[in-house]
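None of these values were measured; they are calculated from a predicted model. As a basis for the values below, the full set of heavy atoms in this structure was taken, side chains included, without hydrogen atoms, waters or symmetry mates. Numbered from 1 within each chain, the chains take letters A, B, ... in sequence-line order.
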Amino acid sequence: MASQFWKPGAERPPLLTDEDDGLFVMAAQPYYSSGYMTIERQRQTLPAFKHRTPLLYLIENHATTIVIGETGSGKTTQIPQYLVEGGWSEGGRLIACTQPRRIAVQTVAARVAEEMHVTLGQEVGYSIRFEDMTTPGVTKIKYLTDGVLLREMMEDPLLVRYSVIMVDEAHERSISTDILLGLLKKVQRRRPELRLIIASATLEARSIAAFFDTSAERRSQSQAMDLVFPSRKPAILSIEGKTFTVQIFYTEEPVSDYVRDAVSTVNSIHKLEPPGDILVFMTGQDEVDETVQLIQHETENRHSDLVALPLYAGLARVDQEHAFGPIPRGKRKVIVATNIAETSLTLEGIVYVVDSGFSKQRFYNPIKDVEALITAPISRASAQQRAGRAGRVRPGKCYRLYTEDDYTNLMSAETVPEIQRSNLTSTILQLKALGIDSIMRFDWLASPAPEAMVRALETIFAIGAIDSDAKLTSPTGFQIAEIPLHPMLGKTLIASCALGCALEMVTIAAALSVQSIWVPSRGRQKELDEAKLRFAASEGDHITYLNVFEGFLQSQRSAQWCHRNLINYQALKKVEDIRSHLSKLLQRLGLAVKSCERDIKVIQKAIVAGFFANACQLKISVEQGCYKRIRDGEEVFIHPSSVLFRVSPKWIIYHANTVTERHYVREITVIESPWLMELAPHFFHHKSMEY
DNA sequence: TTCGGTCGT
């Protein structure tokens, strides 16, 4: 096998041809698979295998290689192994492969360890927040979230331990991916020996290649164009996937009610098409549930054999698993899902996709400084991704509930990158901590609105993380940046150390960092509300979390106790893990982690010290439960999930907010108004004048 | 009066 590799110094492999613009492109080829095989044989049948030699050649000769790898090409599992085989891990150097999601990091690392016949955590390891499964000096391939690699750059800005960094799923354009790519471009200038591999779906590849193309930049005489090695012009390699063709159908007229049309489309597929599961894309939980009910209702009326199952993130784990499980023989499965099925989860056996053409997307309004969740048309890239879900097992069909004209003329080519749709407080602080002094001049893959950057700078200035020259403060700014939490929560933790309640605050911060400490209970809302009441603190949600965790410890971490109280056992185990990591981190920063021994007021004050910008006052004689945000007068409402919903205390402070039908605020704690002046005089002495 | 697209340090 080894003799097949391209080796440095050898001639260019024959598979490659130059395109006019100097980019290397290789066309996709058909792929066939067979039955049972050994791991080695399986590896060789992956489409990536026949590109191994050209790939190693391109990586040797180009600073950046863009890999267009379709689903099932094997790029994620194989390319890092080829790099090891090609010598890139020699001399103790590491090969990194980043992923946007933790679950992918863990499963891919486990698979590759198996393929290489090594124990996970040795030659092949992974790293996600608070979980480092690598062995220094031994690990050669490291899978990690792009967020973790960004964190590592705070310690090691040039990432000197790495010889090759592969950024996978770059087309998803998460905030971390965008920032990472911007920083890696900078690192390349200082480290010409570093190689980047960027794996992306087709549509995004050209713009990413253009971003990394520094070949036209001015350089000294001695570095004439043809003498530069490796080439600063990115190479592009396309690897075909193991997918089948998907036939696309559009509606002839625009659709006025896509829920109703999805249901009738499902019924006609069932009536007219051969067996095969159906996947329906809807925008949110309510729509998913409604669609499931309508399908079931029609099924009962017509005595047909459809089994409709919901799938969304807020569903209890057991209910999610139903969508993956078997159904009675002779019936057809219909999975009605949110966007979770577009990227996060892969369903086997889907042959038909019904695409509503919409999804819920976050949009940030920097003027009002609010993030809104809005149902909006998806992009063509997204529509293609959804259609692709029908072609995993055999040729499939995709029914788009919109016209071809709308697809071509109304929908945008790509989804707006997340960085242009988000509040940037965390992002900007992190860039500051990485030594990026001029945020405005940073080489963004996609630049956020200047107003959004100004808002973020205002926020990190308000919490004292930067000074009036926009320089990171010492020690506060550095400490907040060190803590892997939202800067306002980081500031709260630091304040809690000074106030002597850090032991309680790390628990609260950990509870705020997990998805939810409660078991998802759609349809059992009353039951959940009753369970919450058992722990509810009059001070609000933060102290309620503390009560839950203390109850958990008193129950001796009993899973039964959790079950009885509708508490998510796995989430609480995670909370315990995170709090111990946070506690150690604070100690490492030289801060005191002490308990306030049930003196709740100091905890509330610590929250004020970090979240004062989110203080709100109850509006009298307006709509019930309507608050005004002190800083700007924005109208907000307590979210029904809060223990303070309908309690309406005079002064509150919130942890998070989203605009949906209304501007809702979540995770609320009662405060006393004098605390605002006491803990954030710099913020309120002039702000309060405005109202 | 009643509600959360999906991720991440």
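- A donor-acceptor contact under 3.5 Å is formed by the side chain of Arg646(A) with the base of dT2(B).
- The closest side-chain heavy-atom distance from Leu149(A) to Val167(A) is not below 4.5 Å.
- dG5(B) atom C1' lies 14 Å from atom CD of Glu661(A), rounded to whole Å.
- Counting any heavy atom pair closer than 4.0 Å across all strands shown, Arg151(A) reaches a base atom.
- Residues Lys75(A) and Asp168(A) are paired through a salt bridge, judged by an N-O separation under 4.0 Å between the basic side chain and the carboxylate.
- No contact: Phe637(A) has no heavy atom under 4.0 Å from any strand.
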Under the ring pair (Phe, Tyr, Trp, His ring centres under 6.0 Å) rule, what do Tyr258(A) and Phe358(A) come out as? Steps first, then yes or no, please.
CA-CA 9 Å; Tyr258(A) 59 71; Phe358(A) 287 87; 5.3 Å; yes
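- Between Leu345(A) atom CG and dG5(B) atom C1' the separation is 13 Å, expressed in whole Å.
- Taking atom CD on Gln385(A) and atom C1' on dT6(B), their separation rounds to 13 Å, with Å as the unit.
- Here Ser359(A) lies out of heavy-atom contact (under 4.0 Å) with every strand.
- To the nearest angstrom, C1' of dT2(B) lies 14 Å from CG of Leu533(A).
- Applying the 6.0 Å contact sphere to NZ of Lys574(A) captures more than 12 heavy atoms from other residues, nucleotides or ligands.
- Checking the phosphate oxygens (OP1, OP2) of dT9(B), a side-chain nitrogen or oxygen of Arg102(A) falls inside 4.0 Å.
- Heavy-atom nearest nucleotides on DNA chain B were determined for Ser513(A) and for Gln624(A), and the one closer to the 5' end corresponds to Gln624(A).
- The distance between atom CG of Leu429(A) and atom P of dG8(B), rounded to the nearest whole Å, is 21 Å.
- With salt bridges taken as basic N to acidic carboxylate O contacts below 4.0 Å, none links Glu418(A) and Arg421(A).
- Glycosidic conformation, dG4(B): syn, with the torsion inside 90° of 0.
- Within 4.0 Å of Gln285(A), counting heavy atoms only, lies at least one base atom of the nucleic acid.
- A donor-acceptor contact under 3.5 Å is not formed by the side chain of Arg666(A) with the base of dG4(B).
- In this structure, Leu373(A) places its CG atom 13 Å from C1' of dC7(B), rounding to the nearest Å.
- Salt-bridge annotation for Lys532(A) and Glu527(A): absent, with no side-chain N of the basic residue lying under 4.0 Å from a carboxylate O of the acidic one.
- Each of Thr660(A) and Val647(A) lies near DNA chain B, and the nucleotide nearest Val647(A) is the one positioned closer to the 5' end.
- Tyr664(A) comes within 4.0 angstrom of sugar-phosphate atoms only, judged by non-hydrogen atoms across all strands, and of no base.
- Residue contacts for Leu150(A): at a heavy-atom cut-off of 4.0 Å it reaches no nucleic acid atom on any strand shown.
- Counting any heavy atom pair closer than 4.0 Å across all strands shown, Gln361(A) reaches no nucleic acid atom.
- Here the nucleotide nearest the side chain of Phe645(A), chosen from dG8(B), dT2(B), dC7(B), is dT2(B).
- Contact annotation for Glu172(A): no contact, since no heavy-atom pair falls under 4.0 Å across all strands.
- For Leu582(A) and dT9(B), the CG to P distance is 13 Å, given to the nearest whole Å.
- Between dG5(B), dT9(B), dG4(B), one nucleotide has an atom nearer to the side chain of Pro484(A) than all others, and that is dT9(B).
- Residue Thr145(A) is in sugar-phosphate contact alone, with no base atom involved, counting any heavy-atom pair closer than 4.0 Å across all strands shown.
- Ser641(A) comes within 4.0 angstrom of nothing in the nucleic acid, heavy atoms only.
- A straight line from CG of Asp289(A) to P of dG5(B) spans 10 Å, rounded to a whole angstrom.
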